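Comments concern the structure below.
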Amino acid sequence: CIDDAKDTDLFVIATTNDTRYMPPSLLRPGRFDYVIYLQPPIGENAENIVSYYLRDKDLAEDVLISDIVKAMPKVSCATLETVMNLAALNSVYQGHEHIQKEDITEALLQVVYKLQKTDKETDSTELQKIAVHEAAHAVVGEVVIGGMVNGCATYAQNEEEFLDEVTKTLAGRAGVSLIYGVMDIQASADIEQADKLMDIWQCHFAGGGFVGIESGDNRMSEQRLSYNEAIKSAKLEELYRRAYKILHDNRDFLLAVQKELLEHETLLNSDLAKIRESCI
C-alpha cells in the first residue's frame, strides 16, 4: 500500500513501541525515510503535561507539580493523565473540597507502583525495619541523585548516573544493617535487581573491561564467566559500602525519614527536602 501511494499527495506516519520486530523492508529508504525516537517526558516538559491535565481541577495549596513529576520519572503521557484523573476521583471519594496531596499519593502508588494499602497488621519491630529500608532508598536517592527518589537506571545518561541508581538500590539493605545490625530479609528483590543492573553495566559500559563483554552468539567460556562474576561481585561490594557510608554520614536524616514514614507512610520529594534541611 505504501508503494501504491508513491505518486500521490499522501504522507504516511506510523508508530511502534519497538522497531526491532519490524520487517527490514519497511525501514529501508523509500518506505519510511525517517525514524524519530520519542522518550517519555521529563523535567519541565513533564510538569507542563501534568499542569495541563490538572488545569480544570481544584488543588490544595500544598500540592506541588514538581513533587508529582519527581515521584514518577520517565513515564508515558497516558500514565501522567491516568494518575491525575484517579487523584481527582480519590478526592471526590474521600469528600475533600480540594485535591489533596494524599489523593495524588494514593493514585501514584496504585498506578505507577502497583501498590495498595492493606489492613494487614505488621509487628511494630518489623514495621520499623521496613521504614528504615525504604528511608534508606530515599536518603541515598536524595543525597547522590539530588531529589529524584524514584529514578531508573536504564534511562541513565552515563555510567556515573547508572552506578548511582545501583547504589540507591542497595541502600535498603545497608540502612537496616546500619541501624539494627541484622541482615535485611526484605532486600532480596533489591539484590536481584542490582545483580541484573550489573550485567547491563558489564555489557553496555564494559565496566569489567572488554574481556567481560558477551560475544555475538551469547556464548562465554567458563573462564570469562568466572571473571565476570568476580568483577560484578567486587563492584556490588564497592557500591554497597558506598551506600552504607552515605547513610552513616547522614544517620540523623535517615532516622528522621524513618520517623516520618512510620507516621505518614508515604513521602514526596518536597517532604524529603524539608526533613533534610531540618537535619543540617
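Everything numeric in this text was worked out from a predicted model, so none of it was measured. Numbers here simply count residues along the sequence, with the first being 1. Only heavy atoms go into these numbers, but all of them, side chains included; no hydrogens, no water, no symmetry mates.
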Checklist entry - Salt bridge check: are Asp249 and Lys245 linked by an N-O gap of less than 4.0 Å? => result yes
Checklist entry - Are the side chains of Asp271 and Lys101 in touch, meaning some heavy atoms are under 4.5 Å apart? => result yes
Checklist entry - Would Asn85 and Glu81 satisfy side-chain contact (heavy atoms from CB on, under 4.5 Å), going step by step from the backbone distance to the final call? => result CA-CA 6 Å; Asn85 289 337; Glu81 182 180 14; 3.6 Å; yes
Checklist entry - Would Glu142 and Asn250 satisfy side-chain contact (heavy atoms from CB on, under 4.5 Å), going step by step from the backbone distance to the final call? => result CA-CA 11 Å; Glu142 180 74 17; Asn250 293 272; over 6 Å; no
Item to check | Residue pair Met198 / Asn228, side-chain heavy-atom distance below 4.5 Å | outcome: no
Next on the checklist: Using the side-chain contact (heavy atoms from CB on, under 4.5 Å) definition, which of the options Leu54, Thr79, Val111 pairs with Met84?
Outcome noted: Leu54
Next on the checklist: For the OH atom on Tyr52, are there more than 12 heavy atoms of other groups (residues, nucleotides or ligands in this structure) within a distance under 6.0 Å?
Outcome noted: no
Next on the checklist: Looking at Asp9, I'd like to know if its CG atom is crowded, meaning that more than 12 non-hydrogen atoms belonging to other residues, nucleotides or ligands lie closer than 6.0 Å.
Outcome noted: no
Checklist entry - How about His133 and Asp190: does a side-chain donor come under 3.5 Å of a side-chain acceptor? => result yes
Next on the checklist: Side-chain heavy atoms nearer than 4.5 Å, only ILVMFWY residues, links allowed to pass through others: does that put Ile49 and Leu86 together?
Outcome noted: yes
Checklist entry - Is any side-chain heavy atom of Gln202 closer than 4.5 Å to a side-chain heavy atom of Lys235? => result no
Checklist entry - Salt bridge check: are Lys259 and Glu263 linked by an N-O gap of less than 4.0 Å? => result no
Item to check | Set of residues satisfying salt bridge (Lys or Arg N to Asp or Glu O under 4.0 Å) with respect to Asp58, sequence neighbours excluded | outcome: none
Checklist entry - Does the side chain of Glu161 reach to within under 4.5 Å of the side chain of Asn158, using non-hydrogen atoms? => result yes
Next on the checklist: Could you report the tightest heavy-atom contact between Asn90 and Glu106, atom names first, then the distance?
Outcome noted: ND2-CB, 3.9 Å
Item to check | Over 12 foreign heavy atoms within 6.0 Å of NE2, His248 | outcome: no
Next on the checklist: For a 4.5 angstrom cut-off between non-hydrogen side-chain atoms, does Thr105 reach Glu265?
Outcome noted: no
Item to check | Between Thr16 and Thr19, a side-chain donor and acceptor under 3.5 Å | outcome: no
Item to check | Derivation of the side-chain contact (heavy atoms from CB on, under 4.5 Å) call for Phe32 and Leu26 | outcome: CA-CA 6 Å; Phe32 288 105; Leu26 273 180; 4.1 Å; yes
Next on the checklist: Taking the cut-offs as 6.0 angstrom to the six-membered ring centre and 45 degrees off its axis, would you call Arg241 and Tyr244 a cation-pi pair?
Outcome noted: no
Checklist entry - Does a side-chain heavy-atom distance below 4.5 Å link Val143 with Lys168? => result no
Item to check | Sub-4.5 Å side-chain heavy-atom contact between Ile275 and Leu267 | outcome: yes
Checklist entry - Heavy atoms, side chains only, cut-off 4.5 Å: are Ile179 and Arg251 in contact? => result yes
Item to check | Met72 to Val112 - nearest heavy-atom pair and separation | outcome: SD-CG2, 3.8 Å
Checklist entry - Heavy-atom count around Leu178 CG within 6.0 Å, excluding the residue itself: above 12? => result yes
Next on the checklist: Do Val50 and Leu38 sit in one hydrophobic cluster, given that two such residues count as connected whenever their side-chain heavy atoms are within less than 4.5 Å of each other, even indirectly?
Outcome noted: no
Next on the checklist: Please determine whether side-chain contact (heavy atoms from CB on, under 4.5 Å) holds for the pair Gln128 and Leu262, giving the CA-CA distance in whole Å, both sets of side-chain angles, and the decisive distance to 0.1 Å.
Outcome noted: CA-CA 7 Å; Gln128 291 178 2; Leu262 287 169; 4.1 Å; yes
Next on the checklist: Can you tell whether the side chains of Asp195 and Lys232 come within less than 4.0 Å, N to carboxylate O?
Outcome noted: yes
